[in-house]
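Reading through the structure tokens given below for one structure.
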Amino acid sequence: MKSFFSNVWTKRFVSLIAALYTVGVCGLSYFSIFYSIHVDDGLSLCLVVSAISVIALILMFYTRKQILTRISSFLILMAMIPVVVLYFDEKMLLIPIIITGVLILLFSGAGEGTKTVVGTIILLLYVFAALGYFLFTSFFVTSAKTETIKSGISPSGRYKYDVINTEDTSNGSTSVIIAPNYSDVVYPFVTFKLKNMEHTVYNVRPMCEEVQLEWLNQNREDITSDLNKISDNIKVDVTRSEYENLGYKIDNAFQISDVNIYYLFEAGLTASDVAPINLDKLSDEQLAVFDIGRDSAEMYYVLDPTAELIEHTKSAGDKIYLSELDSKGIEIFNESHLDELGYTLFEIQKDYSVSLNELTEEQLEILGISESGDVLMFNGKVCFRYYVAEAEDYFDVDSRKFSLDLLNPVS
């Protein structure tokens, strides 16, 4: 048995198991950035985390001279930096992991000099991170007295809402905030709530003394009709893949904007044509003014591409089509048409938006708009429609974008 435990392959295998603890800590670090934490039972959570930490500590101590364990000993404390900063109030969660990280670093098989240097660097990183977070929250996060006067879940269960009164020097305000009710990650004793998912759908000044909320269930066809009555020029922004799935050609998304006044006149346009101009609204002669041609398949191409554009696209054909250009290619094309002062004479851009009044029920379904859903009335006025939330991707729970908003303290 002694030979089994002293075998190097046994230790290497155990070090793989012990490394799972480090993976878990890195996962917690990820959650700390993108999720706020809500502990339901602090004592139970502490006991569970402590038990797991003790087991991991024993396994890492046994494999302390293995390279994987040495790496893990450094990574644990590094990964805990955002957790400590953003979950600082959750001591019951932090203390067991921090103690485990410190002990395994001290007892790891790395040399004393290495441990001293790494420990010093990690300590400085903790200090700088805490100081930076303190300065950010002190100077850039505005504090206001708020009170949640109503909260609940929509009839379908897909959305949760809060009605919040905010007191300020301008008689305060009342706002309605909607968030998805399907983005929380729930574990025993703790719940993680995705940050930056709240969407303010209504805000009124001064503060409302009486608030009446009414949830309705409306179908897609009726809401489309209501929105088109409000305006017949409502645009729905879609992705490139959605644009193609709706049956539109990519070439239809190209527009010309910011046109120099002399180019407008040369193309036979007037000074009032300042909005982005769709290419299909221009004749072949007008397109030629903007160095753009149109073939028999109604596809647009560059009439006189520069050497830089040819090199960038590496086009094997005789023509460089606009649909082939990525964002860098479009930038090269625009910057190849400058006036004597270095300003662009015009710009081409892509606009993946479609008119709501042109979309059929089948196309709306392609966009992921449900056949029916929740509509919220605030004091007799519509303030939220599931239809708009789905069309505009209010609650894209799969997106992960870094921003300073992630540093805002969340209760």
Side-chain angles (χ1 to χ4, degrees), residues 1-35 37 39 41-133 185 187-192 400 402 406:
M1 187 62 109
K2 182 178 179 181
S3 61
F4 174 78
F5 284 108
S6 61
N7 187 285
V8 65
W9 287 106
T10 302
K11 293 183 178 181
R12 288 174 179 173
F13 177 74
V14 173
S15 69
L16 286 174
I17 299 175
L20 294 176
Y21 182 80
T22 306
V23 173
V25 173
C26 291
L28 181 61
S29 178
Y30 167 84
F31 270 75
S32 70
I33 295 172
F34 294 105
Y35 291 80
I37 188 171
V39 176
D41 188 341
L43 180 59
S44 298
L45 178 64
C46 181
L47 291 175
V48 171
V49 174
S50 297
I52 296 174
S53 298
V54 169
I55 294 172
L57 184 59
I58 293 172
L59 296 179
M60 288 186 178
F61 183 78
Y62 167 65
T63 61
R64 62 188 180 278
K65 293 185 179 180
Q66 299 301 311
I67 184 64
L68 186 57
T69 301
R70 294 181 186 181
I71 295 173
S72 296
S73 67
F74 301 145
L75 289 179
I76 290 173
L77 291 176
M78 293 289 290
M80 282 298 291
I81 292 176
V83 183
V84 171
V85 171
L86 297 171
Y87 291 171
F88 186 74
D89 292 334
E90 307 303 334
K91 306 294 193 304
M92 306 291 272
L93 172 67
L94 300 179
I95 292 175
I97 302 176
I98 291 296
I99 291 176
T100 301
V102 171
L103 289 178
I104 195 57
L105 178 62
L106 292 176
F107 291 107
S108 69
E112 294 301 319
T114 301
K115 288 189 286 188
T116 301
V117 172
V118 172
T120 302
I121 293 174
I122 292 175
L123 181 60
L124 288 174
L125 288 175
Y126 272 85
V127 172
F128 289 140
L131 180 60
Y133 182 71
V185 179
Y187 293 107
F189 319 123
V190 64
T191 300
F192 294 94
R400 297 292 184 272
F402 286 99
L406 296 173

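- Atom CD1 of Ile76 and atom CG of Leu57 lie 9.0 Å apart (nearest 0.5 Å).
- One distance of note links OG of Ser44 with CE of Met92; it measures 9.0 Å at 0.5 Å rounding.
- Sorted by first then second residue, the side-chain hydrogen bond (donor to acceptor under 3.5 Å, both in side chains) pairs that include residues 91-107, not counting sequence neighbours, number zero.
- Here Thr63 pairs with Thr69 under the side-chain hydrogen bond (donor to acceptor under 3.5 Å, both in side chains) rule; sequence neighbours left out.
- Scored by the side-chain contact (heavy atoms from CB on, under 4.5 Å) test, Ile67 finds Ile71 as partners (sequence neighbours excluded).
- By the 4.5 Å heavy-atom criterion applied to side chains, Met80 and Leu94 are counted as neighbours.
- Listed by chain and residue number, Leu45, Ser53, Leu93, Pro96, Ile97 satisfy the side-chain contact (heavy atoms from CB on, under 4.5 Å) test with Val49 (two or more places apart in sequence, or in another chain).
- Taken from CD1 in Ile55 to OG in Ser50, the straight-line distance is 11.0 Å, to the nearest 0.5 Å.
- Annotation: side chain of Tyr187 is in contact with side chain of Phe192 (closest heavy-atom distance under 4.5 Å).
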Sequence neighbours left out, cut at 3.5 Å: what donor-acceptor pairs do the side chains of residues 22-30 make with other protein atoms?
from: Thr22; atom 1: OG1; to: Ser72; atom 2: OG; distance (Å): 3.3
from: Ser29; atom 1: OG; to: Ala79; atom 2: O; distance (Å): 3.0
from: Tyr30; atom 1: OH; to: Arg400; atom 2: NE; distance (Å): 2.7

Listed pairs under 3.5 Å, donor-acceptor, residues 117-128 side chains, sequence neighbours left out:
from: Thr120; atom 1: OG1; to: Thr116; atom 2: O; distance (Å): 2.7
from: Tyr126; atom 1: OH; to: Leu77; atom 2: O; distance (Å): 2.7

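- Partners of Phe61 according to the side-chain contact (heavy atoms from CB on, under 4.5 Å) rule, which considers only residues two or more places apart in sequence or in another chain, are Arg64, Phe107.
- Under the ring pair (Phe, Tyr, Trp, His ring centres under 6.0 Å) criterion, Tyr21 pairs with no residue, sequence neighbours left out.
- A 4.5 Å side-chain heavy-atom check between Phe189 and Val39 finds every atom pair outside the cut-off.
- Nearest heavy atom pair, residue Arg12 against residue Gln66, reads CG-OE1, 3.2 Å.
- The side-chain hydrogen bond (donor to acceptor under 3.5 Å, both in side chains) analysis of residues 78-90, with sequence neighbours excluded, yields no pairs.
- Atoms CD1 and OG, from Ile81 and Ser32 in turn, are 10.5 Å apart once rounded to the nearest 0.5 Å.
- Applying the side-chain contact (heavy atoms from CB on, under 4.5 Å) rule to Ala130 yields no partners; only residues at least two apart in sequence or on another chain are considered.
- Contact of the Tyr62 side chain with the Thr10 side chain is registered, since non-hydrogen atoms from C-beta on lie closer than 4.5 Å.
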